[in-house]
Student: 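Let me begin by handing over the structure; questions about it come next.
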Amino acid sequence: QVQLVESGGGLVQAGGSLRLSCAASGRIFSNYGMAWFRQTPGKERERVAAISWNGGLTYYADSVKGRFTISRDNAKNTVYLQMNRLKPEDTAVYYCAVSSGSTIFGEYHFWGQGTQVAVSS
């Protein structure tokens with residue numbers, strides 16, 4: 001059974017930074033790609049960043065490119081999302097997920113419970 005626990009969300013002013021963490025257990029973490037998604041009420045869940053099993057490949061949505069950085073520490077079974085220059089439109093519940101494969105592609109079947117990020121203007 002895979003367990004993912006996100007942390008690090010909160011309220012921040014526009015232009016500020018937050019670092020989200022996602023601790024994984026129950027699977028050989030280092031074998032799989034990971035991703036961060038976000039969702040706001042009434043909208044589809046959006047994949048904002050993804051990282052391959054060894055960190056060699058990354059993906060960013062255009063809306064966060066240049067501001068967000070995804071990274072992972074396989075020794076700690078943890079994936080991170082560093083969010084800089086936050087904007088009010090970044091406000092959402094952020095979820096981490098495990099890919100079915102080792103790259104930045106694949107399907108996502110295991111999710112964390114989410115952490116709320118709120119950016120005030």
Student: Do side-chain atoms of R85 reach the backbone of G66 as a donor and acceptor pair under 3.5 angstrom?
Tutor: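 It does hold such a pair.
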
Student: When you measure from the side chain of S99 to the backbone N and O of A35, does any donor-acceptor pair fall under 3.5 Å?
Tutor: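 Such a contact is absent between S99 side chain and A35 backbone.
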
Student: If you draw a 6.0 Å radius around CD in Q116, do more than 12 non-hydrogen atoms from other residues or ligands fall strictly inside?
Tutor: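 Check passes, neighbour count above 12.
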
Student: Would you say Q13's side chain and S121's backbone share a donor-acceptor pair under 3.5 angstrom?
Tutor: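 Checked: no pair found.
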
Student: Please determine if R38 forms a cation-pi arrangement with Y95, meaning its NZ or CZ atom is less than 6.0 Å from the six-membered ring centre and no more than 45° off the ring axis.
Tutor: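 The answer is no, since R38 fails at least one limit relative to Y95.
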
Student: Are Y59 and F105 grouped together when hydrophobic residues (ILVMFWY) are joined by side-chain heavy atoms under 4.5 angstrom apart?
Tutor: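 Per the 4.5 Å side-chain linkage, Y59 and F105 are co-clustered.
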
Student: In Å and rounded to the nearest 0.5 Å, what is the OG to CG distance from S30 to N77?
Tutor: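 Between S30 OG and N77 CG, I get 7.5 Å after rounding to 0.5 Å.
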
Student: Run Y108 and F37 through ring pair (Phe, Tyr, Trp, His ring centres under 6.0 Å) and show every step you take.
Tutor: CA-CA 10 Å; Y108 298 89; F37 289 74; 5.1 Å; yes

Student: Quick one: CG on L11 to OG on S120, what's the gap to the nearest 0.5 Å?
Tutor: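 Here the interatomic distance stands at 5.0 Å.
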
Student: Distance-only, no hydrogens or angles: does the T115 side chain make a donor-acceptor pair with backbone N or O of G9 under 3.5 Å?
Tutor: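 Yes; at least one donor-acceptor contact below 3.5 Å.
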
Student: Show your reasoning for whether side-chain contact (heavy atoms from CB on, under 4.5 Å) applies to Q82 and S71.
Tutor: CA-CA 8 Å; Q82 177 67 44; S71 62; over 6 Å; no

Student: Could you work out the complete set of other residues in the hydrophobic cluster of M83, with links drawn between I, L, V, M, F, W and Y side chains under 4.5 Å apart?
Tutor: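 Direct or chained contacts put M83 with V2, L4, V12, L18, L20, F29, Y32, M34, W36, V48, I51, Y60, V64, F68, I70, V79, L81, L86, Y94, V98, F110, V117, V119.
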
Student: Would you confirm whether S52, through its side chain, and T103, through its main-chain N or O, come within 3.5 Å as a donor-acceptor pair?
Tutor: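 Side chain of S52 to backbone of T103: no pair is present.
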
Student: Tell me which one of E46, K87, E89 satisfies side chain to side chain contact (heavy atoms under 4.5 Å, CB included) with S63.
Tutor: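 Among E46, K87, E89, the one that satisfies the side chain to side chain contact (heavy atoms under 4.5 Å, CB included) with S63 is E46.
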
Student: Cation-pi between R72 and Y80: NZ/CZ under 6.0 Å from ring centre and within 45° of the ring axis?
Tutor: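 Because its charged atom misses either the 6.0 Å distance or the 45° angle limit, R72 does not stack over Y80.
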
Student: With the threshold set at 4.0 Å, does a side-chain nitrogen-carboxylate oxygen contact exist between K65 and D62?
Tutor: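 D62 and K65: salt-bridged.
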
Student: For the CD atom of E6 and the SG atom of C22, what is their distance to the nearest 0.5 Å?
Tutor: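 The CD atom of E6 sits 5.0 Å away from the SG atom of C22.
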
Student: Taking atom types as modelled and ignoring hydrogens, do the side chains of T78 and D73 form a donor-acceptor contact shorter than 3.5 angstrom?
Tutor: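 On atom types as modelled, these side chains do not qualify, holding no pair under 3.5 Å.
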
